[in-house]
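Working notes, structure below.
Protein chains get the first letters and strands the later ones, always in sequence-line order, with residue 1 at the start of each. Side chains included, hydrogens not; waters and symmetry mates left out as well; all remaining heavy atoms used.
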Amino acid sequence: LAKTTQPISMDSYEGQEVNITCSHNNIATNDYITWYQQFPSQGPRFIIQGYKTKVTNEVASLFIPADRKSSTLSLPRVSLSDTAVYYCLVGLSGGYNKLIFGAGTRLAVHP
Amino acid sequence: NAGVMQNPRHLVRRRGQEARLRCSPMKGHSHVYWYRQLPEEGLKFMVYLQKENIIDESGMPKERFSAEFPKEGPSILRIQQVVRGDSAAYFCASSPARVNYEQYFGPGTRLTVT
């Protein structure tokens with residue numbers, strides 16, 4: 001499994017764009033990159049998944065460079081309710097079921 | 001469409017007692033996963049089940065822990081003779097297919113062992 005490295009914590013202010021980068025130097029050819037969000041006292045929630053280049057949905061964008069050794073989750077115009085822990089997961093290619101969570105990035109959004 | 005349901009939400013047990021955690025997957029989901037989360041840590045995979053079958057229990061301690069997902073009724077994670085180190089949040093997730101990166105999580109059961 002590809003190991004991931006993320007910043008332990010980040011701070012931002014309402015209305016700013018937040019970019020959280022995840023390093024995964026040993027990513028395998030068939031691996032996808034997936035991000036989950038977890039609010040306090042709740043279970044994680046799927047945000048976005050991608051394989052290469054850029055993926056965008058109503059919540060976030062995911063940027064993956066050509067070498068795929070890192071990825072960046074971009075949250076546009078964050079609000080206080082985006083305060084949460086964000087997990088980068090790698091290694092969910094075909095046949096794999098269990099999600100491997102690291103420590104995640106604690107994002108604090110301030111007024 | 002109700003989400004994944006877990007009960008109880010909070011459970012207090014004394015050392016040596018048994019803890020039973022229940023999980024009802026989303027409607028139409030036949031794949032259930034259990035995870036454990038210690039304070040300030042990420043979730044750790046414990047076990048993956050389909051109806052009446054344990055598919056992967058590589059993350060579950062060999063002693064005192066067991067899980068089942070019967071043909072009828074919720075999935076149950078059972079911890080016998082609990083110890084203080086079992087205090088954690090236990091999350092259940094479900095998915096509609098075997099190979100699925102998008103798992104739907106319940107609100108968790110917070111187990112406290114006194």
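In the model, Gln37(B) has no side-chain atom that pairs as donor or acceptor with a side-chain atom of Tyr35(B) under 3.5 Å. Looking at Gln49(A) and Tyr36(A), their side chains never bring a donor and an acceptor atom within 3.5 Å of each other. Under the 3.5 Å distance criterion, with hydrogens and angles disregarded, no donor-acceptor pair is assigned to the side chains of Thr72(A) and Asn19(A). Between the side chains of Tyr87(A) and Thr4(A), no donor N or O sits under 3.5 Å from an acceptor N or O. For Ser23(A) and Ser70(A), the side-chain atoms include no donor-acceptor pair closer than 3.5 Å.
For residues 101-111 of chain A, a heavy-atom distance under 4.5 Å to chain B picks out Phe101(A), Gly102(A), Ala103(A), Arg106(A), given by residue number. Contact annotation for residues 58-67 of chain B against chain A (heavy-atom separation below 4.5 Å, listed by residue number): Ser58(B).
In this structure, the side chains of Ser75(B) and Leu49(B) come closer than 4.5 Å at one or more pairs of heavy atoms. A 4.5 Å side-chain heavy-atom check between Tyr90(B) and Cys23(B) finds every atom pair outside the cut-off.
With a threshold of 4.5 angstrom between heavy atoms, Glu40(B) approaches chain A through its backbone and through its side chain.
Taking Tyr51(A) as the reference, Tyr32(A) meet the ring pair (Phe, Tyr, Trp, His ring centres under 6.0 Å) condition, with sequence neighbours excluded.
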Next on the checklist: Using salt bridge (charged side-chain N to carboxylate O under 4.0 Å, His left out), reason through Arg78(B) and Glu18(B) one step at a time and then give a plain yes or no.
Outcome noted: CA-CA 7 Å; Arg78(B) 181 183 179 201; Glu18(B) 178 180 286; 2.8 Å; yes
Contacts table for residues 105-114 of chain B: side-chain donor-acceptor under 3.5 angstrom, sequence neighbours left out:
unit_1, atom_1, unit_2, atom_2, d
Thr109(B), OG1, Pro8(B), O, 2.5
Arg110(B), NH1, Pro107(B), O, 3.2
Arg110(B), NH2, Ser41(A), O, 3.4

